[in-house]
Participant: 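Take this structure, written in C-alpha cells, and hold onto it; I'll ask about it next.
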Protein chains: 2
Amino acid sequence: MPRLQKGNLALIGDATPESAIARWERLGFSLANCPVRDVLDQIGDKWSSLILLTLADGPQRFSQLHRCVPDISKRMLTQSLRNLERDGLLIRQVFPTKPPAVEYRLSPLGQGILGPLGALVGWAEQHHDAIRQARREFDIREAELLA
Amino acid sequence: MPRLQKGNLALIGDATPESAIARWERLGFSLANCPVRDVLDQIGDKWSSLILLTLADGPQRFSQLHRCVPDISKRMLTQSLRNLERDGLLIRQVFPTKPPAVEYRLSPLGQGILGPLGALVGWAEQHHDAIRQARREFDIREAELLA
DNA sequence: AAGGATTGGTCTATAATAGAGACCGCTGAA
DNA sequence: TTCAGCGGTCTCTATTATAGACCAATCCTT
C-alpha cells in the first residue's frame with residue numbers, strides 16, 4: 001500500500017521548486033520501474049556481493065562456496081545462489097557424476113557487474129578507517145548525551 | 001559463532017591449490033577486518049542507497065525524505081538516517097526554531113560514495129532489461145519442471 | 001564389513017528484523 | 001476550535017534469517 005497518495009502530491013517540493021516525484025522520475029526511479037530497488041535490493045543483501053566476489057576467481061562448487069563464505073548457512077547459500085541464478089548473474093551446472101557435482105560460475109552478466117562492484121569495494125576499503133572513526137565518535141557523543 | 005574451525009582449515013582448497021582462507025586474506029577480507037561486510041552491509045540495505053541518492057540533489061528535511069522515499073516507514077527512515085549519520089556519510093543538523101527543523105545533508109564522505117554508487121546504479125539501469133528477461137526465463141524453466 | 005566423511009541440498013524451530021500505524025507535544029493556519 | 005504538519009518514538013505483528021538436524025548415495029579407512 002503506497003503511502004504517497006495523489007492528495008499529497010501537490011504539497012511536495014516545499015524547499016525545492018522541483019517536486020520529489022519529478023526528481024525521482026528524472027533520475028529514472030519511476031517506482032514501477034526502478035532499477036535501484038529492483039537490482040540493488042538483490043545484490044545488496046548480506047551475501048550476494050560476497051558470493052559474486054568469491055566467484056570472480058573462478059567456478060566453485062556448493063561446498064567450496066560454503067567454506068569460502070564462512071558464516072553463511074546452507075539455507076541462505078542455496079537461496080542466494082538461486083536468486084543470483086534467476087537474475088542471470090551466475091550459471092549453475094550439474095555434472096551427472098555420482099554423487100552429482102554442482103558447479104557455480106559467473107555468467108557474462110555476472111562478470112560485468114564485478115567492475116562497479118569492485119569500485120564500491122575499493123571505496124569501502126579506502127575509507128574503512130574513516131567510517132570506523134566516525135562510528136567511534138558518534139558512539140562517544142551518544143554516550144555523553146546519556147550521561 | 002564461526003562455522004569455520006581450525007580443524008577444518010587443513011581440508012580447504014580441494015579444487016584450487018590456494019586455500020579459501022588465503023584467497024580471502026589476499027582480497028583483504030580478513031573476517032575480523034572485512035570492509036565488504038562492515039561497510040556494504042550498511043549501505044547495501046534496503047533504504048540507505050536510496051537515501052544517499054536522494055540527498056545527492058541537496059539537503060532534505062525529515063518529512064521531505066519521507067515523501068521522497070515513498071514506501072519507507074518513519075521507523076526505518078529514522079533508523080537508516082541514524083546509521084548513515086553514525087558512519088559519517090551524512091550530517092544531521094537541528095535548527096532551534098519552533099518547532100525545530102532537522103536537516104540532513106551529505107558529508108564529504110557521503111559525497112564521495114556517490115561515484116561508486118552511481119556506477120553501480122548505472123550498471124543496474126543499463127542491464128535492467130537483461131536481468132528481467134533472465135528472471136522470466138528462469139521462472140518459465142522452473143514452471144516447466146513442476147509440470 | 002562397519003564407521004565416518006563428503007556430496008548438494010531440504011526442513012523445522014527459533015531468533016532477529018522490518019513494517020504498520022497509533023501516539024506525542026508543539027505550532028501555525030482556517 | 002479544529003485540523004495539518006513537524007520530527008520523531010513506541011508497540012504489535014508479520015516477515016525473514018539463522019542454527020542445526022536430516023537425507024540418500026558414495027567413497028575411504030579401519
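Note: hydrogens, waters and symmetry copies are ignored here, and every other heavy atom, side chains too, is used. On a predicted model such as this, the values are computed, not experimentally measured, just so you know. In the text below, chain A, chain B and the rest are named by the order of the sequence lines, each starting its count at 1.
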Participant: Is Arg132(A) paired with Asp87(B) through a side-chain N to carboxylate O contact shorter than 4.0 Å?
Facilitator: no
Participant: Distance check needed: dT16(D) C1' versus Asp45(A) CG, whole Å only.
Facilitator: 12 Å
Participant: Taking for each residue the nucleotide of DNA chain D bearing the nearest heavy atom, is the 5' side occupied by Lys46(A) or by Lys98(A)?
Facilitator: Lys46(A)
Participant: Check each of Asp57(A), Leu52(A), Ile51(A) against Leu55(A) using the side-chain contact (heavy atoms from CB on, under 4.5 Å) test, and report the only one that passes.
Facilitator: Ile51(A)
Participant: With heavy atoms under 4.0 Å as the rule, sort Tyr104(B) into base, sugar-phosphate or nothing.
Facilitator: sugar-phosphate
Participant: Give a yes or no on whether the backbone of Leu50(B) and the side-chain of Thr54(B) come within a donor-acceptor separation of less than 3.5 Å.
Facilitator: yes
Participant: Select one nucleotide: of dG8(D), dA17(D), dT7(C), the one nearest the side-chain heavy atoms of Ser63(A).
Facilitator: dT7(C)
Participant: By the 4.0 Å heavy-atom rule, please label Arg61(A) as base, sugar-phosphate, or nothing.
Facilitator: sugar-phosphate
Participant: Rounded to whole angstrom units, what separation is found between the CD1 atom of Ile72(A) and the P atom of dG9(C)?
Facilitator: 13 Å
Participant: Will you find, in the side chains of Ser80(A) and Asn83(A), an N or O donor that is under 3.5 Å from an N or O acceptor?
Facilitator: no
Participant: Where the side chain of Arg82(A) is defined as all heavy atoms beyond and including C-beta, which of dT10(C), dT7(C), dG19(C) is the nearest nucleotide?
Facilitator: dT10(C)
Participant: Could you state the NE2-C1' distance from His66(B) to dG5(D), rounded to the nearest angstrom?
Facilitator: 13 Å
Participant: Pick the closest DNA chain D nucleotide for Pro99(B) and for Trp47(A) by heavy atoms, then say which residue is nearer the 5' end.
Facilitator: Pro99(B)
Participant: Please report the distance, rounded to the nearest Å, between CG in Leu77(A) and P in dA19(D).
Facilitator: 13 Å
Participant: Between the base of dT16(D) and the side chain of Arg75(A), is there any donor-acceptor pair under 3.5 Å?
Facilitator: no
Participant: Among dC6(D), dG8(D), dT10(C), which nucleotide has an atom closest to any side-chain atom of Lys74(B)?
Facilitator: dG8(D)
